[in-house]
Peer 1: 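Handing you a structure now.
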Amino acid sequence: MEDITIALYDDAGCGVSPLMPYVDTKFNGKHFTRTAKYMLGAALLRCGIDVIDANADSRAEPVHDFIMRMGKSSVDACIVLTYSSFGSRKSFNDVSGRTVGCPAGRFAARSRIFCEDVCAKLKLSGGAVTLVSDDSYAAANCPTAVVSGGYVTCFDDAKLIYDRDYAERTAEYTALAVCEFFDVPYIVRDDINAYPMLCMTRRGKKVKMLQCLLNLYGNSLGADGVYGQATDRAVRRLCIGNGRNEKDGVTAALWRDLTGGCDRPLTLGSTDSGVFYLQNKLYSKLYRTKTDGVLGKDTLSALAEYVCDCTGNDAEFADNEVIDGDTIKLVRPIGGGRARLF
């Protein structure tokens, strides 16, 4: 297979929502763009496509700086992940929906085909997706797609900023489109053969995939494809938090932890990787909780409120109570949660 490299850029300057009710804060679109970038990177690497993290520090920067840097790199396409906005951002409005921006410029024709593929695949994930013109990246020296997860100024779209399943769905269907555009076989996320055992000194795309997934759990690893000390420390922390032997390295069990959401029972004080998932899902539904990966009383309280609102039955979790899979399933649907107050 011909080597293909995709540059990924998360737009850290895409802006914040108006004040979200119940949690009394503004949701920043860069949370979605960063999460979706890591998930998309992992999906592409799983399929054998190399990636360049165009802003590994996830800081906003001028578009022309990004384009100049990518112009010096040998990449086959660029994907920009962003969130849109409409109006003053002081209040919510009804402009909503995902968009795929298609730049003009030297690669306008190829970019349009590329963007049409991305748009078509995202539609398969459910909901409307609109192909729009976006000349911000017209100077890029390769086909480019600007993928927006929605509008920070739309209440329902803004809630999705913290929904991990929404970010994953966006990433996987975008990866499917990239594979189709470059005629590369798409490897499904659950293919166990895509996740080899890894250890110190290993290099390559699978190590990059590991680094992308580790970054979803509070790490800040550069996706350089080198299994060095920083990557090893992150793996050991995850193993300890999930109750696994820290000396085992990256086994099939750890890969399941990285990709499986929240599958194991949890108790107060759990630092399981699934706690990140649970906290982000609750927060996206506007139930106030920390998103620090530690199952504290605030998360138990938020979960109890959510279960009560979902089932109509009073719910309260004791400090020693086990949160089982049936309870966790209640938070899995994308979207939903608390409604607008006005």
Side-chain angles (χ1 to χ4, degrees), residues 1-10 35-54 70 73-81 98 100 102 107 109-127 129 131 140 142-147 149 164-198 202-216 223-227 250-261:
M1 182 181 72
E2 180 186 355
D3 287 340
I4 296 166
T5 302
I6 307 295
L8 303 179
Y9 177 75
D10 61 299
T35 302
K37 178 181 71 172
Y38 293 142
M39 289 181 167
L40 177 56
L44 292 172
L45 289 159
R46 187 183 68 231
C47 298
I49 297 173
D50 203 359
V51 299
I52 292 177
D53 189 343
M70 289 302 97
S73 305
S74 180
V75 297
D76 298 283
C78 291
I79 298 175
V80 178
L81 293 153
R98 294 171 294 172
V100 177
C102 180
F107 288 86
R110 288 275 286 168
S111 288
R112 184 166 187 86
I113 297 171
F114 185 44
C115 291
E116 285 174 348
D117 283 349
V118 174
C119 195
K121 291 299 179 289
L122 285 176
K123 285 179 180 177
L124 296 177
S125 69
V129 186
L131 186 66
C142 61
T144 301
V146 184
V147 180
R164 284 210 167 194
D165 290 315
Y166 180 67
E168 181 193 317
R169 183 177 293 183
T170 301
E172 289 294 333
Y173 280 92
T174 302
L176 181 60
V178 173
C179 288
E180 181 173 291
F181 183 77
F182 288 103
D183 196 23
V184 172
Y186 173 75
I187 298 174
V188 297
R189 188 169 175 268
D190 296 332
D191 188 339
I192 60 173
N193 296 315
Y195 305 101
M197 293 184 67
L198 297 172
R202 289 290 300 272
R203 295 170 177 262
K205 295 174 185 174
K206 297 303 182 182
V207 176
K208 273 191 180 183
M209 178 172 69
L210 170 67
Q211 291 166 333
C212 286
L213 292 172
L214 286 169
N215 282 341
L216 293 171
D224 59 3
V226 179
Y227 197 132
V250 183
T251 61
L254 192 70
W255 281 119
R256 285 195 296 272
D257 292 346
L258 286 166
T259 60

Peer 1: Return the CG to CE distance between Leu198 and Met209, rounded to the nearest 0.5 Å.
Peer 2: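 Taking CG in Leu198 and CE in Met209, the distance rounds to 7.5 Å.
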
Peer 1: Flag the pair Phe181 / Asp76 as yes when at least one side-chain heavy-atom distance between them is below 4.5 Å, and no otherwise.
Peer 2: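 No, their side chains stay 4.5 Å or more apart.
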
Peer 1: Roughly how far, to the nearest 0.5 Å, is the CG atom of Leu210 from the OH atom of Tyr227?
Peer 2: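 Rounded to the nearest 0.5 Å, the OH-CG separation comes to 6.0 Å.
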
Peer 1: What I'd like to find out is whether the side chain of Arg202 reaches to under 4.5 Å of the side chain of Val250, using heavy atoms alone.
Peer 2: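 Not touching, per the 4.5 Å side-chain cut-off.
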
Peer 1: Are side-chain heavy atoms of Val226 and Val207 found at a separation under 4.5 Å?
Peer 2: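 The answer is no; the side chains never approach within 4.5 Å.
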
Peer 1: Does Tyr166 have any ring pair (Phe, Tyr, Trp, His ring centres under 6.0 Å) partners at least two apart in sequence or in another chain, and if so, which?
Peer 2: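 So Tyr166 forms a ring pair (Phe, Tyr, Trp, His ring centres under 6.0 Å) with Phe32.
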
Peer 1: State, to 0.1 Å, how close Leu81 and Ala36 come at their nearest heavy-atom pair, and which atoms those are.
Peer 2: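 Closest approach of Leu81 to Ala36: CD1-C, 3.9 Å.
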
Peer 1: About how many Å separate CG of Asp190 and OG1 of Thr259, when rounded to the nearest 0.5 Å?
Peer 2: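 Here the interatomic distance stands at 7.5 Å.
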
Peer 1: Going by side-chain hydrogen bond (donor to acceptor under 3.5 Å, both in side chains), name the residues that satisfy it together with Asp53, two or more places apart in sequence or in a different chain.
Peer 2: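 Only Lys37 meet the side-chain hydrogen bond (donor to acceptor under 3.5 Å, both in side chains) criterion with Asp53.
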
Peer 1: Nearest 0.5 Å please: distance from the CG atom of Leu8 over to the OG1 atom of Thr174.
Peer 2: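 Nearest 0.5 Å value for the CG-OG1 distance: 10.0 Å.
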
Peer 1: Nearest heavy-atom pair of Val184 and Cys47: which atoms, and what distance?
Peer 2: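 Closest pair (atom of Val184, atom of Cys47, distance): CG1-O, 3.7 Å.
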
Peer 1: Answer yes or no: is there a side-chain heavy-atom contact under 4.5 Å between Thr5 and Ser74?
Peer 2: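 A side-chain contact is absent here, since even the closest heavy-atom pair is not under 4.5 Å.
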
Peer 1: List the atom of Ala175, the atom of Leu40, and the distance in Å for their closest heavy-atom pair.
Peer 2: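 Ala175 and Leu40 have their closest heavy atoms at N-CD1, 3.7 Å.
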
Peer 1: Is it true that Arg46 and Asp191 have a side-chain N and a carboxylate O under 4.0 angstrom from each other?
Peer 2: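 Result for this pair is no, no salt bridge flagged.
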
Peer 1: How many angstroms lie between CD1 in Ile49 and NZ in Lys205, if you round to the nearest 0.5 Å?
Peer 2: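 Rounded to the nearest 0.5 Å, the CD1-NZ separation comes to 8.5 Å.
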
Peer 1: I'd like to check Leu122 versus Val147 (side-chain heavy atoms, cut-off strictly below 4.5 Å). Are they in contact?
Peer 2: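 Yes - at least one pair of side-chain heavy atoms lies under 4.5 Å apart.
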
Peer 1: Only counting residues at least two apart or in another chain, list the ones meeting side-chain contact (heavy atoms from CB on, under 4.5 Å) with Asp257.
Peer 2: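 Only Asn242, Arg244, Leu254, Arg264, Ser273 meet the side-chain contact (heavy atoms from CB on, under 4.5 Å) criterion with Asp257.
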
Peer 1: What residues, two or more places apart in sequence or in another chain, satisfy side-chain hydrogen bond (donor to acceptor under 3.5 Å, both in side chains) together with Thr251?
Peer 2: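 Thr251: no side-chain hydrogen bond (donor to acceptor under 3.5 Å, both in side chains) contacts found.
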
Peer 1: Is the closest side-chain heavy-atom distance between Leu258 and Tyr195 below 4.5 Å?
Peer 2: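 No, too far: nothing below the 4.5 Å cut-off.
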
Peer 1: Can you list everything that forms a side-chain contact (heavy atoms from CB on, under 4.5 Å) with Leu176? Sequence neighbours excluded, please.
Peer 2: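 If we apply the side-chain contact (heavy atoms from CB on, under 4.5 Å) test to Leu176, skipping adjacent residues, the hits are Lys121, Tyr173, Tyr186.
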
Peer 1: Would you say the side-chain atoms of Glu168 pair up with the backbone N or O of Met39, donor to acceptor, closer than 3.5 Å?
Peer 2: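 Absent.
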
Peer 1: Starting from the C-alpha separation in whole Å, work towards a yes-or-no answer on side chain to side chain contact (heavy atoms under 4.5 Å, CB included) for Ile192 and Trp255.
Peer 2: CA-CA 9 Å; Ile192 60 173; Trp255 281 119; over 6 Å; no

Peer 1: Check whether any side-chain heavy atom of Lys208 lies under 4.5 Å from a side-chain heavy atom of Asp50, and answer yes or no.
Peer 2: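 When only atoms from C-beta onward are counted, Asp50 and Lys208 do touch, with a gap below 4.5 Å.
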
Peer 1: Going by the rule side-chain hydrogen bond (donor to acceptor under 3.5 Å, both in side chains), which residues pair with Arg256 if we only count those two or more places apart in sequence or in a different chain?
Peer 2: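 Residues passing side-chain hydrogen bond (donor to acceptor under 3.5 Å, both in side chains) with Arg256: none at all.
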
Peer 1: Taking atom SG of Cys78 and atom CD1 of Ile52, what is their separation to the nearest 0.5 Å?
Peer 2: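 The distance works out to 8.5 Å.
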
Peer 1: Over all heavy atoms of both residues, which pair between Arg110 and Pro143 is shortest? Give the atoms and the distance, please.
Peer 2: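 Heavy atoms of Arg110 and Pro143 come nearest at CB-CG, 3.8 Å.
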
